[in-house]
Q: 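Just dropping this structure here.
Throughout, residue positions are numbered sequentially from 1 according to the sequence presented.
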Amino acid sequence: QVQLVESGGGLVQAGGSLRLSCLAPTRAFTMYAMGWFRQAPGKEREFVASISWTGTTTYYADSMKGRFTISRDRAKNTVYLQMNSLKSEDTAVYYCASKTGEPGVRVPNEYDYWGQGTQVTVSS
């Protein structure tokens, strides 16, 4: 089963930064749109950001605009999520996902492949 692999989560103080990475298993994923989602305890999985397969178009949830940046290195089969000015409400498990077609989709069920998630904890 194809699975993406996230890394980079951890514990950080409010106002700090983290960079998450998502490694795709094959070169085929360079043609996929990629997204980041997060899920806090007791809450539904929510959209964070996504990026087109070319890396030229990005989308963000309103609450992440200006603080988070999604990017991809197609040569390394890797997608990144740079998170700055972190807040306690950003605490969640962050998931990487991929899909074919339109990159601006914010619904988790529209994504085909997922990683196992990485925990981000922001202390206040």
Q: Any salt bridge (charged side-chain N to carboxylate O under 4.0 Å, His left out) pairs touching residues 93-117, not counting sequence neighbours?
A: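 Residue pairs with at least one partner in residues 93-117: there are none.
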
Q: Exactly one of Leu20, Ile51, Val48 should register a side-chain contact (heavy atoms from CB on, under 4.5 Å) with Ile70. Which one does?
A: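 It is Ile51; the other options fail the test.
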
Q: What's the separation between atom CZ in Phe68 and atom OG1 in Thr58, rounded to the nearest 0.5 Å?
A: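 Answer for the CZ-OG1 pair, Phe68 versus Thr58, is 14.0 Å.
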
Q: Atom NZ of Lys87 and atom OG of Ser124: how far apart are they, to the nearest 0.5 Å?
A: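 Interatomic distance, Lys87 NZ to Ser124 OG, rounded to 0.5 Å: 13.5 Å.
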
Q: In chain order, what residues pass the side-chain hydrogen bond (donor to acceptor under 3.5 Å, both in side chains) check against Arg45, with sequence neighbours excluded?
A: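 Scan of Arg45 (side-chain hydrogen bond (donor to acceptor under 3.5 Å, both in side chains), adjacent residues dropped) gives Gln39.
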
Q: Going by side chain to side chain contact (heavy atoms under 4.5 Å, CB included), name the residues that satisfy it together with Ala14, two or more places apart in sequence or in a different chain.
A: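 Scan of Ala14 (side chain to side chain contact (heavy atoms under 4.5 Å, CB included), adjacent residues dropped) gives Val122.
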
Q: Walk me through whether Leu18 and Val120 qualify under side-chain contact (heavy atoms from CB on, under 4.5 Å).
A: CA-CA 9 Å; Leu18 280 175; Val120 171; 3.9 Å; yes

Q: My understanding is that only residues two or more places apart in sequence, or in another chain, count here; which of them pass side chain to side chain contact (heavy atoms under 4.5 Å, CB included) with Ser50?
A: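 By the side chain to side chain contact (heavy atoms under 4.5 Å, CB included) rule, Ser50 matches Phe47, Tyr59, Tyr111.
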
Q: Taking the side chain from Glu6 and the backbone from Gly117, do they hold a donor-acceptor pair closer than 3.5 Å?
A: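 Checked: pair present.
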
Q: Side chains of Cys22 and Trp36: closer than 4.5 Å at any heavy-atom pair?
A: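 Yes, their side chains come closer than 4.5 Å.
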
Q: Any chance you could measure Ser98, atom OG, to Gln3, atom CD, to the nearest 0.5 Å?
A: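 The OG atom of Ser98 sits 11.0 Å away from the CD atom of Gln3.
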
Q: In a table with atom names and distances, give each donor-acceptor pair under 3.5 Å that connects a side chain of residues 74-86 to protein atoms at least two apart or in another chain.
A:
{"unit_1": "Arg74", "atom_1": "NE", "unit_2": "Thr30", "atom_2": "O", "d": "3.3"}
{"unit_1": "Arg74", "atom_1": "NE", "unit_2": "Trp53", "atom_2": "O", "d": "3.2"}
{"unit_1": "Arg74", "atom_1": "NH2", "unit_2": "Thr30", "atom_2": "O", "d": "3.3"}
{"unit_1": "Asn77", "atom_1": "OD1", "unit_2": "Arg27", "atom_2": "NH1", "d": "3.4"}
{"unit_1": "Asn77", "atom_1": "ND2", "unit_2": "Thr26", "atom_2": "O", "d": "3.4"}
{"unit_1": "Thr78", "atom_1": "OG1", "unit_2": "Lys76", "atom_2": "O", "d": "2.8"}
{"unit_1": "Gln82", "atom_1": "NE2", "unit_2": "Asn84", "atom_2": "OD1", "d": "2.9"}
{"unit_1": "Asn84", "atom_1": "OD1", "unit_2": "Ser17", "atom_2": "OG", "d": "2.9"}

Q: Answer whether the closest heavy-atom distance between the side chains of Leu4 and Phe29 falls below 4.5 Å.
A: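 Leu4 vs Phe29: side chains touch.
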
Q: Can you confirm whether Tyr60 sits close enough to Thr69 that some side-chain heavy atom of one is under 4.5 Å from a side-chain heavy atom of the other?
A: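 They are in side-chain contact.
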
Q: Once you round to the nearest 0.5 Å, how far does CD of Glu89 lie from CZ of Arg38?
A: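 Between Glu89 CD and Arg38 CZ, I get 8.0 Å after rounding to 0.5 Å.
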
Q: Quick one: do Leu23 and Tyr95 end up in the same hydrophobic cluster if we chain Ile, Leu, Val, Met, Phe, Trp and Tyr together by side-chain heavy atoms under 4.5 Å apart?
A: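 No, no single cluster joins them.
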
Q: First locate atom OH of Tyr113, then atom CE of Met34, and finally report the distance between them rounded to the nearest 0.5 Å.
A: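 Going from OH on Tyr113 over to CE on Met34, the span is 11.5 Å.
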
Q: How far apart are the closest heavy atoms of Trp114 and Pro108, and which atoms are they?
A: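 Looking at all heavy atoms of both residues, the closest pair is CZ2-O, 3.3 Å.
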
Q: Do Ser52 side-chain atoms and Thr57 backbone N/O form a donor-acceptor pair below 3.5 Å?
A: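 Yes, Ser52 side chain to Thr57 backbone: donor-acceptor pair under 3.5 Å.
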
Q: Who are the side chain to side chain contact (heavy atoms under 4.5 Å, CB included) partners of Gln119, not counting sequence neighbours?
A: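 With neighbours one apart ignored, the set is Thr91, Val93, Thr121.
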
